[in-house]
Amino acid sequence: KLENATAKAELGRASWKLFHTMMARFPEEPTADDSTALRTYIQLFARLYPCGDCAAHFQKLLEKYPPQVSSRNNAAGWACFVHNEVNKRLKKEQFDCNNIGDFYDCGCGDDKGKKKG
Ligand code: FAD
């Protein structure tokens with residue numbers, strides 16, 4: 001099948017949106033189990049990302065810059081940094097990571113991570 005740059009970019013935008021929004025909701029003071037869960041999630045995300053070429057590049061990036069999972073700030077800052085590394089490779093603009101604070105809003109209000117129901 002032919003490569004479809006539009007679909008690939010759309011997948012990228014959707015994925016980054018989820019990725020950064022997840023970081024923005026990660027606990028400020030995670031338990032050891034929270035941190036392990038996030039690290040595992042990131043590693044599996046990099047392994048299973050549907051664009052194989054992208055996944056291979058991203059896995060290399062993770063080797064060079066291991067996920068920071070010790071707090072929300074560290075996780076969000078790390079995610080912003082690695083996305084910027086991808087931006088660099090694709091010759092896109094750098095995002096100002098100082099502005100990441102309120103940029104990613106899950107829209108879920110003050111549910112404090114409660115499960116539904
Ligand atoms: P995107 O890079 O998708 O960004 C979406 C929005 O996020 C931007 O408009 C901006 O508001 C915000 N943003 C930008 N930079 C940051 C940042 N550093 N931190 C936080 N927010 C930011 N495409 C390829 O062609 N080749 C690849 O090898 C490739 N690898 C990828 C690897 C991964 C893990 C992912 C998730 C995507 C990859 N993509 C790849 C897709 C690519 O990164 C873009 O998503 C796609 O090209 C669409 O780009 P965009 O300009 O719309 O903005």
Side-chain angles (χ1 to χ4, degrees):
K1 218 176 163 208
L2 280 178
E3 182 174 314
N4 178 339
T6 307
K8 191 172 163 185
E10 184 66 25
L11 173 67
R13 278 188 290 274
S15 302
W16 286 124
K17 175 92 173 178
L18 173 61
F19 200 70
H20 293 299
T21 306
M22 197 167 285
M23 302 307 164
R25 293 290 288 185
F26 189 65
E28 285 169 16
E29 295 178 3
T31 63
D33 184 53
D34 291 331
S35 293
T36 300
L38 183 60
R39 187 183 299 104
T40 304
Y41 178 87
I42 293 167
Q43 269 151 5
L44 291 173
F45 170 84
R47 177 168 154 190
L48 298 171
Y49 191 73
C51 154
D53 213 35
C54 309
H57 280 293
F58 198 60
Q59 282 172 279
K60 288 236 172 69
L61 215 48
L62 293 197
E63 274 173 35
K64 197 164 170 195
Y65 305 110
Q68 302 290 304
V69 297
S70 59
S71 71
R72 173 185 299 175
N73 268 344
N74 287 345
W78 170 85
C80 189
F81 174 81
V82 291
H83 188 169
N84 269 338
E85 287 295 301
V86 174
N87 290 341
K88 244 189 244 171
R89 193 164 55 76
L90 301 178
K91 304 198 162 39
K92 289 176 189 285
E93 262 180 47
Q94 291 295 105
F95 186 91
D96 181 358
C97 293
N98 294 312
N99 288 342
I100 198 107
D102 293 323
F103 198 79
Y104 290 96
D105 181 0
C106 68
C108 32
D110 275 332
D111 70 6
K112 299 217 164 68
K114 263 185 300 189
K115 302 272 190 310
K116 279 201 189 117

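The figures here come from the full heavy-atom set of this structure, side chains too, leaving out hydrogens, waters and symmetry mates.
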Exercise. Same cluster or not: are V82 and V86 linked, directly or through other Ile, Leu, Val, Met, Phe, Trp or Tyr residues, by side-chain heavy atoms under 4.5 angstrom apart?
Worked result: yes
Exercise. Would you say the side chain of F26 lies within less than 4.5 Å of the side chain of S35, judging by non-hydrogen atoms?
Worked result: yes
For this session: List in chain and number order the residues that pass side chain to side chain donor-acceptor pair (under 3.5 Å) with K60, two or more places apart in sequence or in another chain; answer none if no residue qualifies.
Result: none
Problem set entry | With sequence neighbours excluded, residues passing side chain to side chain donor-acceptor pair (under 3.5 Å) with Q94 | none
For this session: Heavy atoms only: give me the nearest C97-N84 pair and the separation to one decimal.
Result: SG-ND2, 3.6 Å
Problem set entry | Heavy-atom pair of closest approach, residues E93 and N87 | O-ND2, 3.4 Å
For this session: Please work out which of the three classes, parallel, tilted or perpendicular, describes the rings of F19 and W16, given edges at 30° and 60°.
Result: perpendicular
Exercise. By side-chain contact (heavy atoms from CB on, under 4.5 Å), which residues pair with T21, not counting sequence neighbours?
Worked result: K17, Y104, C106
Problem set entry | With E28 via side chain to side chain donor-acceptor pair (under 3.5 Å) - residues at least two apart | R72
Problem set entry | Which atom of M23 lies closest to which atom of A76, heavy atoms considered | CB-CA, 3.8 Å
For this session: Using the test side chain to side chain donor-acceptor pair (under 3.5 Å), find all partners of N98 that sit at least two apart in sequence or belong to another chain.
Result: D96
Problem set entry | Reported NE2-to-CG distance for the pair H57 and L90, which is rounded to 0.5 angstrom | 8.5 Å
Exercise. Should the pair F95 and F103 be assigned to parallel (<30°), tilted (30 to 60°) or perpendicular (>60°) ring geometry?
Worked result: perpendicular
Seminar exercise, completed: SG (C54) and CD (Q59) are apart, to the nearest 0.5 Å, by 11.5 Å
Problem set entry | Connected via hydrophobic side-chain network under 4.5 Å: L62 and M22 | yes
Problem set entry | ring pair (Phe, Tyr, Trp, His ring centres under 6.0 Å) between Y49 and F58, worked out | CA-CA 9 Å; Y49 191 73; F58 198 60; 7.7 Å; no
Problem set entry | Residues that F81 engages under ring pair (Phe, Tyr, Trp, His ring centres under 6.0 Å), provided they are two or more places apart | Y65
Seminar exercise, completed: Checking K88, H83, R89 against E85 for side chain to side chain donor-acceptor pair (under 3.5 Å), the one that qualifies is K88
Exercise. Within a strict 4.5 Å, meaning less than it, do heavy atoms of the I42 and W78 side chains meet?
Worked result: yes
Exercise. To the nearest 0.5 Å, what is the distance between CZ (R25) and CG (D105)?
Worked result: 8.5 Å
Exercise. Do the non-hydrogen side-chain atoms of D34 and E29 ever get within less than 4.5 Å of each other?
Worked result: no
Exercise. Can D33 and T36 be counted as having a side-chain donor-acceptor contact under 3.5 angstrom?
Worked result: no
